[in-house]
Protein chains: 2
Amino acid sequence: MTLTDKQLELIEEFGIYQESNGFQPAVARVMGLLLVSDKPELTFEEISETLNISKSATSNALNMLLNTGHIEYTTFHGDRKRYFRIKSSNWRELFNKKMEDLGELNNLLKRVLEVRERENPIYDQKLQYFISFLDYLKAQLPNLIEQWEKEHLKEKA
Amino acid sequence: MTLTDKQLELIEEFGIYQESNGFQPAVARVMGLLLVSDKPELTFEEISETLNISKSATSNALNMLLNTGHIEYTTFHGDRKRYFRIKSSNWRELFNKKMEDLGELNNLLKRVLEVRERENPIYDQKLQYFISFLDYLKAQLPNLIEQWEKEHLKEKA
DNA sequence: TCGTTAGTTCATAATTTACAGAACTAAATT
DNA sequence: AATTTAGTTCTGTAAATTATGAACTAACGA
């Protein structure tokens, strides 16, 4: 399979982005390839050859992405190969994870407030505000999504 | 300086959280310590000794955090030591960075749509939706913050 | 001006990570 | 039954990361 320069560039950029989210380089490239390739579904072999990564690295990457629910595959009868693609629900999940991550931070900060004993309560106040904002954001997010869906439908009509 | 078990535990948890945001372990622990310690300001020596990290690691961590604007310090006359503390604006900045990160993802995805040529446009649609949602979120965020500020004031009154 | 303190810099050691390559397995095909 | 295909697992290692310790510097105080 051949890719344009732009596609190769995007795979790298997306790869670096996903590395910053804690993915291994090879894993991030596999996601990138599945994302930018013209074909929506690729085989083990195509992935391995196109990205020039070994079979073992390819195997690990694909299993990792399968386990974490980032990709899925289909098969066709009379064909032993699996055809991998990005899970379409992936986007919402990716967003959810970012939000959960903020939730985790918020929980940590709440525990910080409980545990530390600063002589001067001024030091606690800004942290309180931030916690409160994160709580508010979390509470409002469903509304926001609902609103977007409304606007989006309007737009399409 | 002595810390309670809970404080030590929180430093570790916060440390691991910040490692996932790309900070080096020692740097993340220093942030954690400044966050959970009862004293809001700590010296180089206190940090190094409490966390049991070498002077060089402490030096690197503090300079790194100073350069990236996560901490700041004050001095007192007749005292050569610097007293480090977490920057209070740090929280909003931390949140901003998360949002910018989503913006970066969005830009990448827009370019993906431009570059890849899927035979079947169904594959593009879900991605379009997601992009559109991220745009919406970005646009609505200032309102959301404003609204929170209102509610927050009400609450306090 | 001599010693001490506060912190920096550099070379190196230790650890972690990420991947390749080879040997292997299980199923399907001939 | 033998071979090919599709993929896995295991072992070794190269590279990158992270921290240490020792030597150094700059400024202050006695």
Side-chain angles (χ1 to χ4, degrees), chain A residues 1 8 11-12 14-34 39 41-68 70-85, chain B residues 1 8 11-12 14-34 39 41-68 70-85:
Chain A
M1 197 180 40
L8 287 171
I11 290 173
E12 281 318 301
F14 185 79
I16 287 167
Y17 177 81
Q18 287 296 55
E19 279 182 54
S20 83
N21 284 317
F23 288 92
Q24 297 184 343
V27 175
R29 298 307 175 283
V30 170
M31 282 190 81
L33 173 59
L34 290 174
K39 284 197 275 182
E41 285 163 348
L42 300 177
T43 65
F44 186 104
E45 210 188 355
E46 285 174 313
I47 293 166
S48 174
E49 284 178 0
T50 308
L51 293 178
N52 231 327
I53 55 182
S54 68
K55 290 212 298 176
S56 52
T58 306
S59 177
N60 287 335
L62 288 172
N63 286 323
M64 199 274 198
L65 290 170
L66 284 170
N67 288 333
T68 53
H70 287 92
I71 64 172
E72 59 190 358
Y73 64 85
T74 33
T75 49
F76 299 99
H77 106 258
D79 183 352
R80 258 207 285 167
K81 290 179 184 170
R82 292 179 293 175
Y83 292 79
F84 298 94
R85 62 165 172 263
Chain B
M1 196 180 40
L8 287 171
I11 290 173
E12 281 317 301
F14 186 79
I16 288 167
Y17 177 81
Q18 286 296 55
E19 280 183 55
S20 83
N21 283 316
F23 289 91
Q24 297 183 344
V27 174
R29 298 306 176 283
V30 170
M31 282 190 81
L33 173 59
L34 290 175
K39 283 197 276 182
E41 285 163 349
L42 300 176
T43 65
F44 186 105
E45 209 188 355
E46 285 174 313
I47 293 166
S48 173
E49 284 180 0
T50 307
L51 293 179
N52 231 328
I53 53 183
S54 66
K55 291 212 298 175
S56 49
T58 306
S59 178
N60 286 334
L62 288 172
N63 286 322
M64 200 273 198
L65 290 170
L66 283 170
N67 287 333
T68 53
H70 288 92
I71 64 172
E72 58 191 358
Y73 64 85
T74 32
T75 49
F76 299 99
H77 103 258
D79 182 351
R80 258 206 286 167
K81 290 180 183 171
R82 293 179 292 174
Y83 292 79
F84 298 93
R85 62 165 171 264

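Chain naming here is simple, since letters A, B, ... match the order of the sequence lines and numbering starts at 1 in each.
Comparing C:dA6, D:dT8, C:dA18 by their closest approach to the side chain of B:K55 singles out C:dA6. Picking from D:dT20, C:dG7, D:dT8 the nucleotide with the shortest atom distance to the side chain of A:S59 gives D:dT8. The side chain of A:K81 has D:dA6 as its nearest neighbour among D:dA6, C:dA6, C:dA18. Of the candidates C:dC19, D:dT9, C:dT9, the closest approach to any side-chain atom of A:Q24 belongs to C:dC19.
Not a single donor-acceptor pair under 3.5 Å links the side chain of A:S48 to the backbone N or O of A:F44. Side-chain atoms of B:S20 come within 3.5 Å of backbone atoms of B:Y17 as a donor-acceptor pair (strictly under, hydrogens ignored).
Judged by distance alone, with hydrogens and angles left aside, B:S54 brings no side-chain donor or acceptor close enough to the base of D:dA19 to form a pair under 3.5 Å. A:S56 contributes a side-chain N or O that forms a donor-acceptor pair with the base of C:dG21 under 3.5 Å. For a distance-only test at 3.5 Å, the side chain of A:R80 qualifies as a donor-acceptor partner of the base of C:dA27.
For the pair B:E19 CD and C:dT16 C1', the computed distance is 12 Å after rounding to whole Å. Put simply, CD1 on A:I53 is 11 Å from C1' on C:dA20, counting in whole angstrom units. B:Y83 has its OH atom 12 Å from the C1' atom of C:dA6, to the nearest Å. Here C:dT9 presents its C1' atom at 12 Å from CZ of B:F44, a figure rounded to the nearest Å. A:M64 places its CE atom 15 Å from the P atom of D:dT8, with the value rounded to the nearest Å. Put simply, CD on A:E49 is 16 Å from C1' on C:dA20, counting in whole angstrom units. Distance A:L62 CG to D:dG7 C1': 10 Å, rounded to the nearest Å. Between B:D79 atom CG and D:dA27 atom C1' there is a gap of 14 Å when expressed in whole angstrom units.
Between A:V27 and A:G78, the residue anchored closer to the 5' end of DNA chain C is A:V27, taking for each the nucleotide with the nearest heavy atom. Both B:N60 and B:E45 lie near DNA chain C, and the one whose nearest nucleotide falls closer to the 5' end is B:E45.
A:Q24 and A:E19 get closest at one heavy-atom pair: C-CG, 4.5 Å. When all heavy atoms are compared, the tightest approach of B:R82 to B:T75 is CG-CG2, 4.0 Å. Contact between B:E72 and B:L66 at its shortest, heavy atoms only, is CA-CD2, 3.9 Å.
At least one side-chain nitrogen or oxygen of B:R82 sits closer than 4.0 Å to the OP1 or OP2 atom of C:dT8. Phosphate contact (OP1/OP2 of D:dT8, side-chain N/O of A:N63, threshold under 4.0 Å): present.
B:A26 comes within contact range of the sugar-phosphate backbone alone, with a heavy-atom separation under 4.0 Å but no base atom that close.
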